[in-house]
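Some notes on the structure that comes next.
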2 protein chains.
Amino acid sequence: MAARRVAEGQPGLPGVVDQVLQGDCLELLPQLPEGSVDLIFADPPYNLQLQHELLRPNRSVVDAVDDDWDQFESFASYDDFTRAWLTACRRVLKPSGTLWVIGSYHNIYRVGAILQDLGFWFLNDVVWIKSNPMPNFRGVRFTNAHETLLWCKRAPDAKGIGFNYHEMKAENGGKQMRSDWYFPLCGGAERLREADGTKVHPTQKPLALLDRIVRASSQPGDLVLDPFGGVGTTAVAALRNGRRWLLLEREPRYVVAARERLARETARLHVPLQAVGG
Amino acid sequence: MAARRVAEGQPGLPGVVDQVLQGDCLELLPQLPEGSVDLIFADPPYNLQLQHELLRPNRSVVDAVDDDWDQFESFASYDDFTRAWLTACRRVLKPSGTLWVIGSYHNIYRVGAILQDLGFWFLNDVVWIKSNPMPNFRGVRFTNAHETLLWCKRAPDAKGIGFNYHEMKAENGGKQMRSDWYFPLCGGAERLREADGTKVHPTQKPLALLDRIVRASSQPGDLVLDPFGGVGTTAVAALRNGRRWLLLEREPRYVVAARERLARETARLHVPLQAVGG
DNA sequence: GTTTTTCATGAATCCTCGG
DNA sequence: TCCGAGGATTCATGAAAAA
């Protein structure tokens with residue numbers, strides 16, 4: 001059982017790193033040792049609160065995110081949930097560790113305020129600007145073309161934050177990396193799909209986004225934790241950059257997809273590059 | 001006195017529109033008629049964590065301290081202040097009116113959560129991306145290259161929101177205007193300066209930013225209110241686009257600068273275009 | 001085989017008015 | 001307050017189909 005294996009993995013979590021643990025993060029996080037994680041990336045439910053069906057101009061129906069895991073009764077219940085998982089994350093974070101959260105305008109303002117209330121200290125807010133967002137079909141608002149990332153440390157006086165400034169600067173053509181990041185949506189070959197072509201996960205994030213986060217804010221050998229692991233994009237980014245990783249995920253079908261994906265990635269890393277094919 | 005003149009100007013505020021009223025917005029807003037304003041733009045104080053300039057709800061200065069308890073106190077007092085002015089703004093807003101707030105990561109997450117708690121409903125969040133931001137001199141974070149704007153209506157079921165979709169689409173080369181806006185910082189001839197070259201206002205916003213906001217979310221003849229009027233950029237944008245305007249501003253030196261600026265603008269509008277000089 | 005056209009789709013808080 | 005009619009409304013990408 002996952003719970004026992006987690007409890008055995010101390011210190012440094014040797015028994016559970018590089019694994020996908022199935023379960024609710026509110027149950028699993030308390031079993032991890034305090035101060036054991038270098039970097040946390042979290043993509044929590046957004047609480048979209050969709051009211052009606054939305055039609056495209058050609059009268060087809062938009063496939064909206066209406067999964068059970070995104071349903072909350074009220075702002076208050078969403079806030080309670082947010083406080084709970086952020087508090088649990090803060091406990092397992094090293095004093096020098098940092099945490100990222102991604103969200104949209106539906107939830108990110110609540111998350112940001114709660115982060116501050118819990119004692120986290122913002123390092124940056126970063127905007128992921130989408131080159132190919134979904135349009136506003138009714139022509140009644142601006143195209144919602146970005147999502148927001150919050151990057152923070154554990155406390156205002158936390159020291160020893162590892163920010164790979166020069167690597168980011170080099171990636172940005174020799175100029176300081178800015179808070180506006182440009183990536184397309186996750187699609188094409190990168191998007192995990194069932195045999196019938198449907199999305200495995202409704203909100204799979206682009207690997208390039210996670211790759212930049214991992215390389216900017218962790219060092220080789222660090223432990224990267226994702227409490228809402230989904231189909232494992234965070235772990236793939238960690239693996240490819242020589243970081244250890246740990247995913248928590250509640251939905252069995254996402255756990256299966258993530259484990260298969262990570263197995264493929266691990267095999268791929270052990271094959272000479274020229275044999276992988278281009 | 002400002003207070004008496006405000007009280008006289010009902011309904012439709014004929015006595016006070018197109019004026020800069022000197023005074024605290026928490027005192028002036030309650031004197032305005034309920035449901036009389038079409039559009040509000042607010043650029044509230046950001047100085048949440050400058051350690052020496054913490055504000056109470058009445059905007060008096062709190063003695064700064066460093067420990068966690070006082071940090072919480074500063075958040076709480078900023079929240080009280082934010083709730084107070086947003087509640088007062090909501091009262092004067094027409095049912096079909098909308099409100100914009102601009103902020104940075106220091107304050108915008110608290111503002112956003114409070115907006116939701118007060119019943120406002122987000123239409124968009126928009127990021128102002130700066131072509132020439134201040135670099136991060138220490139090389140320890142990403143260049144903070146954007147600020148955030150929240151656009152919301154008075155309530156989830158509010159109807160009749162005027163969004164000039166086609167004008168925005170035309171401005172964006174025939175494609176829907178997106179939530180990422182690109183403007184340089186306010187500088188050059190646009191930046192108001194004292195005789196000795198120092199800035200009149202530390203955070204004067206680019207006129208192009210306010211111009212887009214006014215044209216996107218109000219109609220000619222509408223009344224535009226800015227409760228933190230500063231040196232009057234919102235009013236200039238309103239004036240140039242045929243909207244009525246009303247500024248509230250507490251600092252006498254900003255009031256003077258704004259009145260002089262608006263007088264120049266008004267004179268400019270009454271001179272044939274070719275005589276203005278290009 | 002190559003190029004062009006068609007079509008599906010992505011974290012979406014997406015209308016207004018009259019009866 | 002609810003319901004139905006009327007009317008205005010989409011961009012980038014990639015895969016599939018057609019030329």
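Chain identifiers are assigned alphabetically (A, B, ...) following the order of the sequence lines, protein sequences preceding nucleic acid strands; residue numbering begins at 1 within each chain.
Mapping A:Gly187 and A:Gly139 onto DNA chain D via the closest heavy atom, the residue that lands nearer the 5' end is A:Gly139. Of the two residues contacting DNA chain C, namely A:Pro135 and A:Pro202, the nearest-nucleotide position lying further toward the 5' end is that of A:Pro202.
In terms of polar N and O atoms assigned as donor or acceptor, the side chain of A:Lys205 comes within less than 3.5 Å of the base of C:dA11 in a complementary pairing. For A:Arg56 and C:dG10, a side-chain-to-base donor-acceptor distance below 3.5 Å is present, hydrogens and geometry of angles not being considered.
A close approach under 4.0 Å does occur between a side-chain nitrogen or oxygen of B:His166 and OP1 or OP2 of D:dT9. The shortest distance between the side-chain N/O atoms of A:Lys199 and the OP1/OP2 oxygens of C:dG10 is below 4.0 Å. The side chain of B:Tyr165 places no N or O atom within less than 4.0 Å of a non-bridging phosphate oxygen (OP1 or OP2) of C:dC15.
Comparing C:dA11 with D:dA5, their P atoms are spaced 34 Å from each other, to the whole Å. To the nearest whole angstrom, the two C1' atoms, one in D:dA19 and one in C:dG1, are 13 Å apart.
When heavy atoms are screened at a 4.0 angstrom cut-off, A:Asp70 is found touching base atoms of the nucleic acid. B:Asp125 comes within contact range of no nucleotide atom at all, as no heavy-atom separation falls under 4.0 Å. Within 4.0 Å of A:Pro44, counting heavy atoms only, lies at least one base atom of the nucleic acid. Here A:Asn136 lies in heavy-atom contact (under 4.0 Å) with a base. As judged by a 4.0 angstrom heavy-atom cut-off over every strand, A:Ser131 is placed among residues touching the sugar-phosphate backbone only.
The aromatic ring centroids of B:Phe228 and B:Phe41 lie 6.0 Å or more from each other.
Using a 4.0 Å cut-off between charged side-chain N and carboxylate O, B:Lys94 and B:Asp38 make a salt bridge.
Across all strands shown, C:dT9 forms a Watson-Crick or G-U wobble pair with D:dA12, both key distances being under 3.5 Å.
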